[in-house]
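In what follows, a structure is listed as structure tokens, so that the remarks can point back to it.
Residue numbers start at 1 and run along the sequence shown.
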Amino acid sequence: MGDTNGQVVAGDNEQGNQLDRPTDVLIDKETDSLIICDSVNRRVVRWSRRSGTTQGEILIDNIKCWGLTMDDQRYLYISDYGKHEVRRYQIGDKNGTLVAGGNGKGADLNQLNDPTYIFVDQQQTVYVSDNDNHRIMKWNKGAKEGIVVGGGQGEGNALTQLSLPTGLFVDTSGTIYVADSFNHRLMRWPKGAKQGTVIVGGNGKGEGANQFNYLRGLSFDRQGNLYVVDRDNNRVQRFSIE
């Protein structure tokens, strides 16, 4: 906190151990490592945080991964935008179990269309940013189809709509926070709500402190501060949300 310069912790271009357009990352505290969606290389890699590590370990390959998360039982969840599905993996398992989508590209309740970021709660409920369907889907554990919990009214900028949603977080009350990427705004959808509210942005595309230029990931810290990847402004912004 407070550093003005970062430190490379994964990817070593000089050694040739490169990443290509990584889209998501998590910290696995049990193994003190990073797990990374190495998107263009079509693989998920694990990279030890111990100093001197110069090479990652491939956990899953031949996957068009975008988002990943881990639940309390250390199951790994990965969205595959090539197969339009989300799978759950035990570490070391290459095949996984289907938990959302998997019925081809489409807009039916048992389908996804370019899933990006995902969130999993303590009940192993899977929330998915269903990017090209402009909606957030909720898949209860073991369900054969999902439930629309945000957007789903076509692409647009009304409060009932989303445009290519990406980053996603769900709090313990079931309130959804979503990066509404092409609307350049952050939205909050309370559980059961038919429309969301804009909490940051929504002031057009731009470089101002209350503007974004296409959004990507988002995350909260323990103090409730919200961090947002403001993609085409090449910056990360922090906000205090009431």
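Every pair passing side-chain hydrogen bond (donor to acceptor under 3.5 Å, both in side chains) that includes a residue from residues 165-175 is listed here, sequence neighbours excluded: Asp171-Ser173, Ser173-Thr175.
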Extract all donor-acceptor atom pairs below 3.5 Å that involve side chains of residues 149-159 and protein atoms in other chains or at least two apart in sequence.
residue: Glu155; atom: OE2; partner: Ser163; partner atom: OG; Å: 2.7

Distance-only donor-acceptor hits, side chain of residues 189-210, under 3.5 Å, sequence neighbours excluded:
residue: Asn203; atom: ND2; partner: Gly201; partner atom: O; Å: 3.3
residue: Asn203; atom: ND2; partner: Asn210; partner atom: O; Å: 2.9

Please report, to 0.1 Å, the donor-acceptor pairs under 3.5 Å made by any side chain of residues 89-101, with sequence neighbours excluded.
residue: Asp93; atom: OD1; partner: Asn95; partner atom: N; Å: 2.9
residue: Asp93; atom: OD1; partner: Gly96; partner atom: N; Å: 3.4
residue: Asp93; atom: OD2; partner: Gly96; partner atom: N; Å: 3.1
residue: Lys94; atom: NZ; partner: Leu59; partner atom: O; Å: 2.8

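Every residue was checked against the salt bridge (Lys or Arg N to Asp or Glu O under 4.0 Å) condition with Asp3, not counting sequence neighbours, and none meets it. Residues satisfying the side chain to side chain donor-acceptor pair (under 3.5 Å) criterion with Gln73, sequence neighbours excluded, are Gln124. Residues satisfying the salt bridge (Lys or Arg N to Asp or Glu O under 4.0 Å) criterion with Arg74, sequence neighbours excluded, are Asp28, Glu30. For Thr125, the side chain to side chain donor-acceptor pair (under 3.5 Å) test picks out Asp121, with sequence neighbours left out. Legend: residues meeting salt bridge (Lys or Arg N to Asp or Glu O under 4.0 Å) with Asp180, ordered by chain and number and at least two apart, are Arg185. In terms of the side chain to side chain donor-acceptor pair (under 3.5 Å) criterion, Asn234 has no residue partners (sequence neighbours excluded). The salt bridge (Lys or Arg N to Asp or Glu O under 4.0 Å) test applied to Asp108 returns no partner, not counting sequence neighbours. Among residues two or more places apart in sequence or in another chain, the side chain to side chain donor-acceptor pair (under 3.5 Å) test is passed with Ser39 by none.
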